[in-house]
Structures are given as structure tokens and as C-alpha cells.
Amino acid sequence: MRPDFAAFAASSGLARTLEIVFYYLAAASVASAILAVTRRNPVHSVLWVLALFFHVAGIFLLVSAAFLAAVQIIVYAGAILVFYLFVLMLLDLPREQAGARFGTHWPLGAAAGLMFAALMWYASQSDLGPPAAPPPEGGPALGSLAAVGTALFTEFALPFEIASLILLAAIVGTIVIARRRRES
Amino acid sequence: MVPAGACLVLSAVLFGIGLIGFLSRRNLILMLVSVEIMLNAVNVSLAGFSRQLQDQRGQILALFVIAVAAAEAAVGLGLVLALNRNRPGVSVEDLTQLKW
């Protein structure tokens with residue numbers, strides 16, 4: 001039982017190739033995030049975010065989070081982004097594109113974002129030490145459906161139920177907010 | 001072998017880009033999309049730590065982040081729809097009713 005793609009590749013001498021793939025995915029996700037934030041057409045922005053989510057899913061695969069990668073594609077790329085596109089189509093897009101993309105305060109926003117990224121980068125330079133030893137052979141691999149499912153329904157059963165309540169509250173709240181008021 | 005430090009740097013850069021987008025775009029929907037970019041950056045760092053520590057719990061936390069992101073998208077876009085019904089356009093600079 002070896003569904004852990006990253007561990008398999010590391011043991012079969014593909015480690016260098018995997019590193020190159022990781023750096024490609026990282027560069028491509030940064031590029032698509034920048035494009036998503038700066039494009040004038042909102043639909044193009046959302047489509048660049050779609051590219052970002054696919055590349056991040058590839059990174060999840062490389063760090064042995066296979067189930068997370070699947071959820072990323074199904075929920076983020078499949079459901080959330082389609083929802084965004086759907087709402088975007090209801091708006092007056094030509095009018096949106098005619099106005100300025102950024103508010104007049106954009107240098108302040110850019111400075112804040114750059115400062116935050118630089119600080120986080122600086123903070124993440126501390127030595128993390130060697131990676132922990134992988135779990136013993138025979139058990140479910142890290143990030144596999146079996147391992148994640150077992151953890152979700154045992155140790156994390158209560159947070160799991162709370163997440164379902166949050167989603168229910170979000171559904172009801174959305175209907176209440178977006179409903180057309182009846183004229184009385 | 002993907003180094004965990006590289007995951008953290010990528011996460012920091014993506015979060016910064018999302019923050020820039022959230023603070024400077026005028027379109028309300030693209031601000032929400034920038035929030036999604038930031039949440040995704042957090043998920044990258046959670047998955048990187050999960051790999052580094054060989055611990056399942058980082059990935060579980062990332063799953064909950066995705067669930068909360070779905071709820072946030074639903075409520076946020078519901079608000080945008082309600083807003084768009086009362087006035088044309090979704091520019092944040094037009095939303096000044098709460099200012100006195």
C-alpha cells in the first residue's frame with residue numbers, strides 16, 4: 001500500500017526532478033496570483049485564480065497531501081470559483097472595466113502587502129531542522145484518504161460537525177440576505 | 001524532496017499578493033477573490049508543515065479552512081447580490097452609507 005506519491009518518488013531517485021517540478025509550480029502560482037490581482041477584466045482575474053488553484057493542487061501533491069489536492073480541485077476550482085464567475089456574470093461588466101482597477105490608495109496597499117510578505121519571508125528563514133521520520137510501513141500513508149478520513153471521524157469529529165453547522169448557517173444566511181424583499 | 005522552507009516562502013509571497021489585491025482593488029468581488037488567494041496561501045504553509053512534521057493534523061486544519069472559505073464565499077457573494085440590487089456597480093468607493 002503506497003499511495004504516497006512524494007515518498008515513492010523520493011525513494012526512487014526522482015528527488016531532483018520533484019524539486020524542479022516544485023519550483024515550476026511555485027513560480028507559476030506566484031505569476032498567476034500577480035496576474036489575477038492586476039488584470040482589468042474581472043473574468044480574466046477569476047480565470048487566473050483558477051490557474052493558481054490548479055498549481056497549488058500540484059504543490060499539495062508534492063508535499064504528500066493527496067486528499068487535500070483533490071479537495072482543492074473539487075471544492076475550490078470546481079465549486080467556489082464557478083460561483084464567483086456566476087455572480088460576476090450578473091454584473092454590468094463593461095461598466096466595471098471602464099473604471100479604474102485600483103483605488104487611489106493603492107500605493108499604501110501595495111506597501112502593506114510587500115512589507116507583510118517580506119516580514120513573513122524573514123520569519124520563515126529560521127532553521128526547521130530535518131523532516132520528521134515518516135510513519136511506519138503498513139499504516140496509511142500521510143495525506144491519503146484513509147488517514148485523513150480516520151482522523152476526521154475520530155479525533156476531529158466535533159470540529160467536523162461544527163464545520164457542517166457553519167456551512168448550514170452560511171446557506172441560510174445567504175438566502176436571507178440575497179432574497180428579494182416582498183413589497184408590502 | 002520539497003523543502004518545507006520553500007513552502008513557507010511561497011506561502012508568504014502568495015499571502016502578500018492576496019493582501020495587495022484586497023487592499024487596492026476597487027471591485028468588491030475581486031476583493032473577495034483576493035481573500036481566497038490569501039486563504040490558499042495559508043493552506044500551502046499548513047501542508048508544508050504537515051509534511052515537515054509528518055503529522056496529519058495540518059492537512060485536517062487546511063480542510064476546515066476550505067470549508068470556511070466556502071461559507072465566506074457564499075455569504076460575501078450574497079451580500080454583493082443584495083448590494084447590486086439596490087445600486088449599480090460593485091465599487092467599494094461607492095459604499096459610504098455608514099460614513100458620517
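Hydrogens, waters and symmetry mates are skipped; everything else that's a heavy atom, side chains included, is used. All chains are named by letter (A, B, ...) in the order of the sequence lines, taking the proteins before the strands, and each is independently numbered beginning at 1.
For A:Leu114, the parts lying under 4.5 angstrom from a heavy atom of chain B are both the backbone and the side chain. Contacts between A:Phe53 and chain B at a heavy-atom distance below 4.5 Å involve the side chain alone, from C-beta outward. In this structure, chain B has heavy atoms under 4.5 Å from both the backbone and the side chain of A:Leu152. Of the two parts of A:Val56, only the side chain, counted from C-beta on, holds a non-hydrogen atom closer than 4.5 Å to a non-hydrogen atom of chain B. The parts of A:Leu88 that come within reach of chain B are both its backbone and its side chain, each placing non-hydrogen atoms under 4.5 angstrom from that chain. Residue contact with chain B, scored on non-hydrogen atoms closer than 4.5 Å, involves the backbone and the side chain of A:Phe83 alike. Contacts between A:Ala33 and chain B at a heavy-atom distance below 4.5 Å involve backbone atoms as well as side-chain atoms. At a 4.5 Å heavy-atom cutoff, B:Phe22 makes no contact with chain A through either its backbone or its side chain. Interface residue B:Ile17: backbone and side-chain heavy atoms are both found under 4.5 Å from chain A. Looking at B:Asn43, both its backbone and its side chain come within 4.5 Å of chain A, counting heavy atoms on both sides. Using a 4.5 Å cut-off between heavy atoms, A:Val30 contacts chain B through both its backbone and its side chain.
Residues in residues 70-89 of chain A take part in these side-chain hydrogen bond (donor to acceptor under 3.5 Å, both in side chains) pairs, two or more places apart or across chains: A:Gln72-B:Asn40, A:Tyr76-B:Glu36, A:Tyr84-B:Glu36.
Side-chain contact between B:Cys7 and A:Val63 is present, with at least one heavy-atom pair separated by less than 4.5 Å. Residues A:Ile177 and B:Val75 form a side-chain contact, since some pair of their non-hydrogen atoms from C-beta on lies under 4.5 Å apart. Here the side chains of A:Phe60 and B:Val44 are in contact, with some heavy-atom distance below 4.5 Å. Residues B:Leu10 and A:Ser29 form a side-chain contact, since some pair of their non-hydrogen atoms from C-beta on lies under 4.5 Å apart. For the pair B:Leu46/A:Leu68, no side-chain contact is recorded, criterion being any heavy-atom separation below 4.5 Å from C-beta on.
The distance from the CG atom of A:Leu90 to the CZ atom of B:Arg85 is 10.0 Å, given to the nearest 0.5 Å.
Interface remark: of the candidates B:Val33, B:Ile60, B:Asn27, B:Leu32, B:Ile60 forms the most heavy-atom pairs closer than 4.5 Å to chain A. Annotation: maximal heavy-atom pairing with chain A below 4.5 Å, among B:Leu8, B:Val68, B:Ile29, B:Leu77, occurs at B:Leu77. Options A:Ala169, A:Ala118, A:Ala110 differ in how many heavy-atom pairs under 4.5 Å they form with chain B, and the most are formed by A:Ala110. Heavy-atom pairs under 4.5 Å with chain B were tallied for A:Gly103, A:Ser45, A:Ala27; the largest tally goes to A:Gly103. Each of B:Ser11, B:Ala71, B:Ala82 has some count of heavy-atom pairs under 4.5 Å with chain A, and the biggest count is that of B:Ala71. Contact tally against chain A (heavy-atom pairs below 4.5 Å) for B:Ala41, B:Gly58, B:Gly18, B:Ala47: the top residue is B:Ala47. Taking chain B as the reference chain and counting heavy-atom pairs below 4.5 Å, the highest number among A:Ile34, A:Ile171, A:Ile59, A:Ile166 is found for A:Ile34.
Residues B:Val35 and A:Leu35 fall into different hydrophobic clusters, defined by Ile, Leu, Val, Met, Phe, Trp and Tyr side chains chained together at heavy-atom separations under 4.5 Å.
With hydrogens and angles disregarded, no donor-acceptor distance shorter than 3.5 Å links the side chain of B:Gln59 to the backbone of A:Leu142.
Taking the ring pair (Phe, Tyr, Trp, His ring centres under 6.0 Å) definition, one finds that A:Tyr24 meets it with A:His55, sequence neighbours left out.
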Inset, instruction - Under the side-chain contact (heavy atoms from CB on, under 4.5 Å) rule, what do A:Glu155 and B:Gln56 come out as? Steps first, then yes or no, please. - result: CA-CA 11 Å; A:Glu155 192 183 353; B:Gln56 206 69 77; over 6 Å; no

Legend entry - Step-by-step side-chain contact (heavy atoms from CB on, under 4.5 Å) determination, A:Phe67 to B:Leu63: CA-CA 9 Å; A:Phe67 181 62; B:Leu63 284 179; 3.8 Å; yes

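Remark: B:Arg25 is positioned above the aromatic ring of A:Phe102, its terminal NZ or CZ atom under 6.0 angstrom from the ring centre and at most 45 degrees off the axis.
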